[in-house]
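For reference, the structure discussed in these notes is given below.
Side chains included, hydrogens not; waters and symmetry mates left out as well; all remaining heavy atoms used.
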Amino acid sequence: MLRYLGAGVRRFGLYPMHVHQRDNWEFFAVLRGKCSPVLNEIGPAALQRSHLWLFPPETAHGWKGDGANACRIAVFHFGNVPTVLEKTARERGFLDAGLSFAQTRRVSEIEVELRAPYGSVTEKSLLFFEKALIELSLIALANTPSKADQSGVDHPLQKVQACLAWYSEHMIEQPKLEETARAVNVSVRHLRRLFWQARRESPQAAFTRVRLERAMGLLSLSNLKLDAIAEQCGFSSSSDFCRVFKTYHHFSPDAWRKRQLSAYEEPAATRK
């Protein structure tokens with residue numbers, strides 16, 4: 001689920017962004033001009049043109065720029081990313097890749113295509129978000145071989161991805177674990193084994209993450225009441241939803257709804 005979309009001209013040389021952690025997976029692209037991330041332990045990197053970075057949620061980083069020169073950026077925050085991308089990014093700490101002219105243009109087009117579905121969220125918006133996530137993920141992985149690429153087909157990962165996709169489509173029905181396992185033609189015991197091999201967590205824990213991911217998207221991008229969100233995300237009641245949400249995130253759904261992801265906005269007086 002897309003949680004934040006930002007783009008425009010920034011002057012990180014004059015107004016650098018301080019180092020801090022994000023709540024989401026962050027795709028950050030510099031489309032024109034130069035900038036670079038600043039990392040707590042590694043320090044500032046060389047300024048880059050036409051570049052894409054992907055940072056896991058817990059990676060603290062800021063941004064620096066090229067003196068008074070402006071750069072144009074596009075920023076996409078997602079609650080989760082495909083498992084193969086997550087595994088590769090966590091193996092390396094974060095991902096970065098140079099963009100060809102065609103890739104730079106495509107990232108810019110993706111940002112433009114998402115403006116309407118992000119600005120006015122409907123059920124169809126989720127399809128646009130999923131399409132954009134897949135395209136950005138493929139661009140991020142284009143020149144980054146993963147262990148899965150080197151070892152052939154990752155069968156546990158394939159089954160787990162299929163299982164999560166099926167569960168995501170049927171979560172409103174609150175399917176039992178037995179139903180989910182049957183949908184991907186494995187036993188419950190084998191399904192648990194596959195999830196542990198691929199994600200080091202149980203199916204139930206992964207399903208809860210899927211439900212909370214959709215809930216957080218609906219909270220931040222819609223005005224639906226908690227009862228409606230709980231129903232759409234497979235919770236038995238709004239109180240059950242609030243309890244699980246607070247257990248995982250340590251604040252209430254209403255508090256999440258009030259959070260404003262405005263870190264990439266320059267002071268109004270500095271914009272031209």
So which heavy atom on Arg214 is nearest to which on Ser168, and how close? NH2-OG, 2.9 Å
Can you see whether Glu26 engages His61 through a side-chain donor-acceptor pair at a distance of less than 3.5 angstrom? yes
Identify the two heavy atoms, one from His20 and one from His18, that lie closest to each other, and give their separation to 0.1 Å. ND1-O, 3.1 Å
Decide if atom CZ of Arg32 counts as having more than 12 heavy atoms of other residues, nucleotides or ligands within a radius under 6.0 Å. no
Using 30° and 60° as the class boundaries, would you call the ring planes of Trp63 and Phe55 parallel, tilted or perpendicular? perpendicular
By the definition side-chain contact (heavy atoms from CB on, under 4.5 Å), identify the one residue from Ile139, Leu52, Leu31 that meets it with Thr104. Leu31
Distance under 6.0 Å and angle within 45° of ring axis: Arg200 vs Trp196: yes
Please state whether the rings of Phe241 and Phe245 are parallel, tilted or perpendicular, taking 30° and 60° as the class boundaries. perpendicular
Rounded to the nearest 0.5 Å, what's the gap from NZ on Lys131 to CG on Leu126? Could you check? 15.0 Å
Check Ala162 against Val184 and note the closest heavy-atom contact, atom names and distance. C-CG1, 4.0 Å
Ion pair Arg182/Glu178, N-O distance below 4.0 Å: no
Residues sharing Phe101's hydrophobic cluster, by side-chain heavy-atom contacts under 4.5 Å among ILVMFWY, directly or via others? none
Looking at CZ of Arg189 and CG of Leu177, how far apart are the two atoms once the value is rounded to the nearest 0.5 Å? 14.0 Å
Intermediate values then yes/no, side-chain contact (heavy atoms from CB on, under 4.5 Å), Val30 and Arg49: CA-CA 6 Å; Val30 56; Arg49 297 180 184 272; 5.8 Å; no
Can Gln204 and Glu201 be said to form a side-chain contact (heavy atoms from CB on, under 4.5 Å), step by step? CA-CA 8 Å; Gln204 292 89 340; Glu201 66 180 349; over 6 Å; no
Any heavy-atom pair between the side chains of Leu2 and Tyr118 that's under 4.5 Å? yes
Quick one: closest heavy-atom pair of Pro253 and Cys242, and the distance? CG-SG, 3.9 Å
Does Glu213 pair with Arg3 as a salt bridge, N-O distance under 4.0 Å? yes
State, to 0.1 Å, how close Ala132 and Leu114 come at their nearest heavy-atom pair, and which atoms those are. CB-CD1, 3.7 Å
Between Ser137 and Pro82, which heavy-atom pair has the shortest distance, and what is it? OG-CD, 3.4 Å
Can you tell me how far the CH2 atom of Trp166 sits from the OG1 atom of Thr180, to the nearest 0.5 Å? 4.5 Å
Under a 3.5 Å distance rule, please check whether Ser125 uses its side chain to pair with a backbone N or O of Pro117 as donor and acceptor. yes
I'd like to know if Glu113 pairs up with Arg106 as an ion pair, taking the criterion as any Lys NZ or Arg NE/NH1/NH2 lying under 4.0 Å from an Asp or Glu carboxylate oxygen. yes
